[in-house]
*Asks:* 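Below: one structure in structure tokens.
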Amino acid sequence: MRYWLMKSEPDDVSIDDLQALPAQTVPWYGVRNYQARNFMRDQMQVGDGVLFYHSGCAEPGVAGIARVASTAYPDETQFDPAHRYHDPKATRENPRWMHVDVAFVRKTRLLGLPELRRHPELENMRVLARGNRLSITPVEPAEWRFIVGQLLGASDLLD
DNA sequence: GCCAACGTTGGC
DNA sequence: GCCAACGTTGGC
């Protein structure tokens, strides 16, 4: 069991959008960075914890909790010439981009970026590292427990 | 294999 | 809209 922070632009898919989807599950399409792809392809397991992070918006920060709901499989958008995430070098025989499904668990209050930076317990979080642009970063178990404790209360730590 | 140019991310 | 940081591309 691992923990992850996954960024999404709320104009694209917000935590509310995820909650409103029929199966409350979304294929994590559009990742076009090899490190982020490799995390999904090589390390993610069904059930892993996900901090759902809003980026590229007025109030960036953790907006909810989700869960990895599948192992990795090819991202359909890479094959679609009309799609903004089309990759001309990808073929069905040789897909380049893989993703997992992510399922809604809980919407929380917004734990904003300034607040994340304020907690000494979180000073080593990958997502807070200078110059970090990765849209998917690992979260340490202690960081996960701290954040979930902040968001849900210590009595409700999920796992 | 180097590295300059370019594109993208994402906070502000 | 700006810009720092970083990843990718492609010429050599």
Side-chain angles (χ1 to χ4, degrees), chain A residues 2-21 25-44 48-70 72-140 142-144 146-148 150-151:
Chain A
R2 288 190 166 98
Y3 304 100
W4 309 93
L5 181 143
M6 300 177 78
K7 295 179 184 174
S8 182
E9 299 191 11
D11 284 351
D12 189 3
V13 181
S14 70
I15 189 73
D16 291 316
D17 295 332
L18 179 59
Q19 183 169 20
L21 286 171
T25 298
V26 68
W28 206 258
Y29 62 87
V31 169
R32 296 295 180 266
N33 170 283
Y34 291 106
Q35 265 186 278
R37 178 203 66 183
N38 293 349
F39 283 141
M40 290 197 282
R41 188 190 61 188
D42 304 334
Q43 295 194 38
M44 284 193 186
D48 282 2
V50 173
L51 300 174
F52 194 103
Y53 182 97
H54 285 173
S55 69
C57 57
E59 287 194 291
V62 176
I65 294 166
R67 188 179 298 286
V68 174
S70 79
Y73 63 99
D75 179 340
E76 275 300 312
T77 64
Q78 71 191 301
F79 307 125
D80 179 358
H83 203 282
R84 60 195 268 241
Y85 291 128
H86 179 239
D87 183 343
K89 291 181 181 163
T91 63
R92 294 207 176 262
E93 299 69 40
N94 227 332
R96 185 183 275 209
W97 304 109
M98 309 279 285
H99 62 195
V100 298
D101 290 341
V102 172
F104 177 83
V105 173
R106 201 79 64 91
K107 182 182 178 179
T108 65
R109 75 176 176 91
L110 185 86
L111 206 178
L113 185 54
E115 186 180 347
L116 288 169
R117 292 198 185 283
R118 211 175 295 137
H119 291 296
E121 293 89 342
L122 304 178
E123 66 185 355
N124 294 320
M125 273 192 91
R126 281 282 288 277
V127 72
L128 302 181
R130 173 183 163 82
N132 172 71
R133 289 187 313 161
L134 258 188
S135 64
I136 299 176
T137 47
V139 173
E140 296 302 317
E143 295 164 348
W144 171 268
F146 181 82
I147 289 173
V148 172
Q150 292 286 313
L151 291 173

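All chains are named by letter (A, B, ...) in the order of the sequence lines, taking the proteins before the strands, and each is independently numbered beginning at 1.
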*Asks:* Taking C-beta and beyond as the side chain, do A:Tyr73 and A:His99 meet within less than 4.5 Å on heavy atoms?
*Replies:* yes

*Asks:* Side chain of A:Lys7 only, please: which of C:dG7, C:dT9, B:dG10 is the nearest?
*Replies:* B:dG10

*Asks:* Select one nucleotide: of C:dT9, B:dG10, B:dG11, the one nearest the side-chain heavy atoms of A:Leu113.
*Replies:* B:dG11

*Asks:* Can you name the closest pair of heavy atoms from A:Gln150 and A:Glu115 and give their distance?
*Replies:* OE1-OE2, 4.2 Å

*Asks:* Counting N and O atoms only, with roles assigned by atom type, does the side chain of A:Arg37 sit under 3.5 Å from a partner on the main chain of A:Val31, one being a donor and the other an acceptor?
*Replies:* no

*Asks:* Send over the distance from A:Asp87 CG to C:dG7 P, rounded to a whole Å.
*Replies:* 18 Å

*Asks:* Measure from CG on A:Asn132 to C1' on C:dG7 and round the result to the nearest Å.
*Replies:* 13 Å

*Asks:* How many Å lie between CD on A:Glu115 and P on B:dG11, as a whole number?
*Replies:* 16 Å

*Asks:* In whole Å, what is the span from the CH2 atom of A:Trp97 to the P atom of C:dG7?
*Replies:* 13 Å

*Asks:* Side chains of A:Tyr34 and A:Arg41: is there a donor and an acceptor less than 3.5 Å apart?
*Replies:* no

*Asks:* What is the distance from atom OG1 of A:Thr77 to atom CZ of A:Arg84, rounded to the nearest 0.5 Å?
*Replies:* 9.0 Å

*Asks:* Please work out which residues in residues 53-62 of chain A have a non-hydrogen atom less than 4.0 Å from an atom of DNA chain B and list them by number.
*Replies:* A:Tyr53, A:Ser55, A:Gly56, A:Pro60

*Asks:* Measure from the side-chain heavy atoms of A:Arg133 and tell me the nearest of B:dG11, C:dT9, C:dC6.
*Replies:* C:dC6

*Asks:* Identify whether any heavy atom of A:Glu9 sits under 4.0 Å from a base atom; if not, whether one sits that close to sugar-phosphate; answer base, sugar-phosphate or nothing.
*Replies:* nothing

*Asks:* Would you kindly give the CZ-to-P distance between A:Arg117 and B:dC12, to the nearest whole Å?
*Replies:* 7 Å

*Asks:* Which heavy-atom pair separates A:Phe52 from A:Leu18 by the least distance, and what is that distance?
*Replies:* CE1-CD2, 3.8 Å

*Asks:* Tell me: CG of A:Leu134 to P of B:dG10, nearest whole Å?
*Replies:* 9 Å

*Asks:* Output the rounded distance in Å from CD1 (A:Ile136) to P (C:dG7).
*Replies:* 15 Å

*Asks:* Could you please name the option among C:dT8, C:dT9, B:dG10 that lies closest to any side-chain atom of A:Tyr34?
*Replies:* C:dT8

*Asks:* Which pair of heavy atoms, one from A:Val139 and one from A:Trp144, lies closest together, and at what distance?
*Replies:* CG1-N, 3.7 Å

*Asks:* Can you measure A:Tyr85 atom OH to B:dT9 atom P for me and round it to whole angstrom units?
*Replies:* 7 Å

